[in-house]
Amino acid sequence: MRYDLVLFDNDGVLVDSEPISNRLLAAYLTELGHPTSYEESIRDYMGSAMHRIHELVLERTGQQLPDDFDDVFHGRVFAAFEEQLKPVAGVEQVLQKLTADAVPYCVASSGSHERIRVGHRTTGLDRWFDEGRVFSSQDVGRGKPAPDLFLYAAERMGIAPERCVVVEDSPLGVRAAVAAGMDVYGFTAMTPAGRLAGATQLFSDMGELMGMLA
């Protein structure tokens, strides 16, 4: 295989969480007096760490979100995950193939460790990701689009950045991977290809991924 490490984004790449979380985020921001549509949430916040949501709302409105915003939002998201969350179609076959071929892989997500774990436990993906394969923006000072998270994950996995490939579905994630000096494959199942400009390659179905990595 052409790479020594595959780094997966989590939301929208491993677990089909983006429709759930962005619907709830739009509703909660609207409830708090910051009218936001589902489409605007996808456009502005998809792939963001929580701190970026706070920063954008403050920048645009001059108002701070409540101190308990993160806790309330995550409570709503986790409850919805328990009822609705599924793995992205085809991703388990990808993980099975990588494991069979002894190709190292990990997850590097803007989400918190708790969010990653809840999603993986709910969908059964936890069997593919032990603690040593899970990295969160909580582990570094800056989330995507800064390269810090991807560089940190690669360092912890013992692989040079130029030998890594990132699988991403958000513009912020693509920018972060490029800044880290890594190839990045943009997953366009939910994101228009034009918004993933800068990706090394684009694909729309997980069934395509292993052939691209070979």
Side-chain angles (χ1 to χ4, degrees), residues 8-61 63-92 107-126 129 134 136-138 143-145 149 167-176 186-196 199 202-206:
F8 291 95
D9 178 40
N10 188 56
D11 294 292
V13 171
L14 295 176
V15 295
D16 194 17
S17 54
E18 294 292 9
I20 298 170
S21 58
N22 280 283
R23 185 183 72 249
L24 293 171
L25 178 58
Y28 190 24
L29 289 172
T30 299
E31 178 185 319
L32 292 172
H34 308 292
T36 306
S37 68
Y38 170 77
E39 292 76 16
E40 289 168 338
S41 182
I42 291 284
R43 181 194 68 201
D44 295 342
Y45 302 119
M46 183 171 159
S48 297
M50 291 301 293
H51 69 81
R52 188 168 184 274
I53 300 173
H54 287 261
E55 291 164 3
L56 280 178
V57 170
L58 179 60
E59 177 184 317
R60 290 173 174 177
T61 71
Q63 300 176 22
Q64 292 189 333
L65 292 171
D67 291 340
D68 64 350
F69 179 86
D70 293 12
D71 290 339
V72 172
F73 175 62
H74 283 132
R76 296 180 183 187
V77 167
F78 296 162
F81 279 3
E82 296 289 347
E83 296 182 357
Q84 305 170 35
L85 191 63
K86 300 183 183 305
V88 167
V91 79
E92 289 189 87
V107 57
S109 171
S110 292
S112 66
H113 278 282
E114 183 182 16
R115 178 180 174 125
I116 297 167
R117 281 299 175 206
V118 168
H120 287 190
R121 186 179 67 248
T122 303
T123 58
L125 292 183
D126 53 344
F129 291 94
V134 177
S136 160
S137 61
Q138 289 181 311
K144 305 169 189 177
L149 175 58
V167 184
E168 263 289 354
D169 72 330
S170 77
L172 293 176
V174 168
R175 287 167 55 194
F187 185 42
T188 61
M190 267 197 66
T191 309
R195 297 200 67 215
L196 299 181
L202 299 173
F203 69 107
S204 61
D205 187 304
M206 276 296 164

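What's counted below: heavy atoms across the whole structure, side chains too, no hydrogens, waters or symmetry copies.
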(request) Describe, in one word, how the ring planes of Y28 and F73 are oriented to each other, choosing from parallel (under 30°), tilted (30 to 60°) and perpendicular (over 60°). (result) parallel
(request) Assign the ring pair F78 / H74 to parallel, tilted or perpendicular, where the plane angle (0 to 90°) is split at 30° and 60°. (result)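 F78 vs H74 ring planes: parallel.
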(request) List the steps, then state whether side chain to side chain contact (heavy atoms under 4.5 Å, CB included) holds for F69 with L29. (result) CA-CA 10 Å; F69 179 86; L29 289 172; 3.9 Å; yes
Looking only at heavy atoms, what is the nearest atom pair of [X] and [Y], with distance?
| X | Y | value |
| --- | --- | --- |
| L32 | P66 | CD1-CD, 3.9 Å |
| S41 | L25 | OG-CD2, 3.5 Å |
| G12 | S17 | N-OG, 3.8 Å |
| G186 | A199 | N-CB, 3.9 Å |
| K144 | S109 | NZ-CA, 4.1 Å |

(message) Taking the side chain as everything from C-beta on, heavy atoms only, tell me whether E92 gets closer than 4.5 Å to T123.
(response)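 Side chain of E92 against side chain of T123, heavy atoms only: no contact under 4.5 Å found.
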(message) Would you compute the distance between atom CZ of R195 and atom OG1 of T188 and round it to the nearest 0.5 angstrom?
(response)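 The distance works out to 13.0 Å.
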(message) Using 0.5 Å steps for rounding, measure from the CD atom of E168 to the CG atom of D9.
(response)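 Going from CD on E168 over to CG on D9, the span is 4.0 Å.
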(message) Looking at R60 and E40, is any side-chain nitrogen of the basic one under 4.0 Å from a carboxylate oxygen of the acidic one?
(response)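 Salt bridge between E40 and R60, a charged N being under 4.0 Å from a carboxylate O: no.
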(request) Kindly determine whether M206 and V13 satisfy side chain to side chain contact (heavy atoms under 4.5 Å, CB included), including the steps that lead there. (result) CA-CA 9 Å; M206 276 296 164; V13 171; 3.9 Å; yes
(request) Taking Q138 for its side chain and H113 for its backbone only, find out whether a donor-acceptor pair lies under 3.5 Å. (result)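 Side chain of Q138 to backbone of H113, a donor-acceptor pair under 3.5 Å: yes, one is there.
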(message) Tell me if a side-chain donor or acceptor on T36 pairs with a main-chain N or O of T30 at a distance below 3.5 Å.
(response) no
(request) Report yes or no: do D169 and T191 form a side-chain donor-acceptor pair below 3.5 Å? (result)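 Result is no, nothing qualifies.
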(request) Scan side-chain atoms only and decide if R115 and S21 contain a donor-acceptor pair under the 3.5 Å cut-off. (result)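 S21 and R115 do have a side-chain donor-acceptor pair below 3.5 Å.
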(request) Just do the side chain to side chain contact (heavy atoms under 4.5 Å, CB included) check on R117 and H120 with the steps written out, would you? (result) CA-CA 5 Å; R117 281 299 175 206; H120 287 190; 4.2 Å; yes
(request) Apply side chain to side chain contact (heavy atoms under 4.5 Å, CB included) to I20 and L85, showing your working. (result) CA-CA 8 Å; I20 298 170; L85 191 63; 4.1 Å; yes
(message) Heavy-atom count check: over 12 atoms from other residues, nucleotides or ligands less than 6.0 Å from D68 CG?
(response)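 Enclosed.
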